[in-house]
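Data first, discussion second: the structure below is written as structure tokens.
In this text, all values refer to a predicted model and were calculated from it rather than measured experimentally.
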Amino acid sequence: MNHEPIGIVSTGIYLPEQRMTGEKIAALSGLPLAVVEQKMGIKEKPIPGEEDHTCQMGIYAAKKAMEKGGVLPEELDLVIYIGEEYKEYPLWTASIKLQQEIGAIRAWAFDVALRCCTTIMALKLAKDMMIADPSIRTALLAGGYRNVDLIDYSNPRTRFMYNLSAGGGAIILRKGYRCNELLESHLITDGSFSEDVIVRVGGTKQPIFPAAIEKRLHYLDVTDPEGMKRRLEEKSMNHFLSVIRKSLEKSGLSEKDIDYLGILHMKKSAHDFVLNELGLSEEQSIYLDRYGHVGQFDQILSLELGLADGKIKNGDIVVLVSAGIGYAWGASTIRWGRE
């Protein structure tokens, strides 16, 4: 079906000034510094300051994207909050607050969530909505992330999440914008992992009570570490590569066409494995060892860093890819610059 192209007008990233170093993580966890910096790939990461609340960081990022793209608040038709559910208040529609703070008086707003796959999912959702609804011409996707607050560094079961950090991201899409065309996306979800990583208290199953705080049950935890590890080893990398290849295939491309891969932060060996499987060099991506894992905003961050470093050029095929607890895997393909 023919339709007007959906292009990326601009992006915005907000990162708090405060940093946690690899040395600090090593001290808190009891791990050797070499393991933290080399194996986990965390030299430092941003952590929230006093005013760096989740939705607020999305507001900062959204304003940056609007200023960069020359997009006026009244031009926005749709605002989608793509930040975390862990935010200023436990029961709250953050998108409407974000809409108000940026002055998007014509837009309507809603929240979406798919953990660290939220940006990829929302890119697909927004594009599909823009194609289906003639009244939506300009859409803003924005939000914040500070799940670093939910990490207990003394819990070895959550060691793979020691990279969680904080920040905000935003991306503006426009129908008929013939630059930076958003092509096709592909996602996979697997509910067999759905209760592997949880915060044990604070929901309807187990409300928060004083003893739960004393037992540190208000942090992220892994319910079945060995089972989760075994199942991830069987599925994760295959699904990771599959969503990349499917996104490209749906866009009329193949992995040979990839010029740049915007990939989430993961341990260095996994990062290198993905590049190697796709036949890519280290110069065709950026390893986020000084940022950690800013949740669903790693892809926007990698895109901005790739452009700043000159790794992304006019006409390049860029693939953004992520994986999220739950488990979800997703990828979006972009033809950067003018066709």
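- A salt bridge (Lys or Arg N to Asp or Glu O under 4.0 Å) with Arg157 holds for exactly one of Asp152, Asp224, Asp221; it is Asp221.
- Side-chain contact between Thr11 and Leu307: absent, with no pair of heavy atoms (C-beta onward) separated by less than 4.5 Å.
- Applying the side chain to side chain donor-acceptor pair (under 3.5 Å) test to pairs two or more places apart or on separate chains, those with a residue in residues 160-174 are Glu75-Arg174, Thr138-Arg174, Asn163-His265.
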| field | salt bridge (charged side-chain N to carboxylate O under 4.0 Å, His left out) between Glu304 and Lys64, worked out | value | CA-CA 12 Å; Glu304 289 204 357; Lys64 285 188 173 187; over 6 Å; no

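- The nearest pair of heavy atoms linking Met237 to Met266 is CE-SD, 4.3 Å.
- In terms of heavy atoms, Met40 sits closest to Val36 at CB-O, 3.3 Å.
- Members clustered with Leu33: none, using a 4.5 Å side-chain heavy-atom cutoff among hydrophobic residues.
- Residue Trp92 belongs to a hydrophobic cluster whose other members are Tyr89, with links defined by side-chain heavy atoms closer than 4.5 Å.
- For Arg231 and Asp190, the salt-bridge test fails: no basic side-chain N is under 4.0 Å from an acidic carboxylate O.
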| request: Using the side-chain contact (heavy atoms from CB on, under 4.5 Å) rule, take Leu15 and Phe297 through it: C-alpha gap first, then chi angles, then the decisive distance, then the call. | output: CA-CA 10 Å; Leu15 297 173; Phe297 304 110; over 6 Å; no

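- Two residues are said to be in side-chain contact when any heavy atoms from C-beta on lie closer than 4.5 Å; Ile8 and Ile171 meet this criterion.
- Gln299 and Ser322 share a donor-acceptor pair across their side chains, judged by distance under 3.5 Å alone.
- Aromatic ring orientation, His239 versus Trp329: perpendicular (interplanar angle above 60°, classes split at 30° and 60°).
- The minimum heavy-atom distance between Asn155 and Leu220, with the atom names listed, is ND2-O, 4.1 Å.
- Taking both residues in full, the closest heavy atoms of Arg290 and Pro46 are given as O-CD, 4.4 Å, listed atom of the first, atom of the second, then distance.
- Asp77 has no carboxylate O lying under 4.0 Å from a charged side-chain N of Arg137, or vice versa, which leaves the two without a salt bridge.
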| task | Could you check Val199 against Tyr86 for side-chain contact (heavy atoms from CB on, under 4.5 Å), going step by step and ending with a plain yes or no? | result | CA-CA 11 Å; Val199 176; Tyr86 171 67; over 6 Å; no

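- Heavy-atom neighbours of Lys246 NZ from other residues, nucleotides or ligands within 6.0 Å: at or below the threshold of 12.
- The line from CE of Met228 to OG of Ser236 is 8.5 Å long, rounded to the nearest 0.5 Å.
- Summarising the local packing, CD of Gln100 is surrounded by 12 or fewer heavy atoms from other residues, nucleotides or ligands at distances under 6.0 Å.
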| said: Between Gln206 and Leu217, is the side-chain contact (heavy atoms from CB on, under 4.5 Å) condition met? List the steps. | reply: CA-CA 10 Å; Gln206 194 170 349; Leu217 299 180; 4.1 Å; yes

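- The shortest heavy-atom contact between Ile82 and Gly143 is CG1-N, 3.9 Å.
- Ser95 and Asp111 share a donor-acceptor pair across their side chains, judged by distance under 3.5 Å alone.
- Within the 4.5 Å cutoff, the side chain of Ile120 has heavy atoms near those of the Leu320 side chain.
- For Lys63 and Glu101, the salt-bridge test fails: no basic side-chain N is under 4.0 Å from an acidic carboxylate O.
- Looking at Asp52 and Arg146, no side-chain N of the basic residue comes within less than 4.0 Å of a carboxylate O on the acidic one, giving no salt bridge.
- A pairwise comparison of heavy atoms in Lys45 and Tyr291 identifies CB-O, 3.7 Å as the closest pair.
- Distance check, rounded to the nearest 0.5 Å: CD1 of Ile102 to CG of Leu72 gives 11.5 Å.
- Checking Thr223, Ile325, Thr158 one by one against Val197, the side-chain contact (heavy atoms from CB on, under 4.5 Å) holds for a single residue, Ile325.
- In this structure, the separation between CD1 on Ile334 and CG on Asn180 is 8.0 Å, given to the nearest 0.5 Å.
- Here Glu184 does not pair with Lys124 in a salt bridge; the nearest charged N to carboxylate O distance is not below 4.0 Å.
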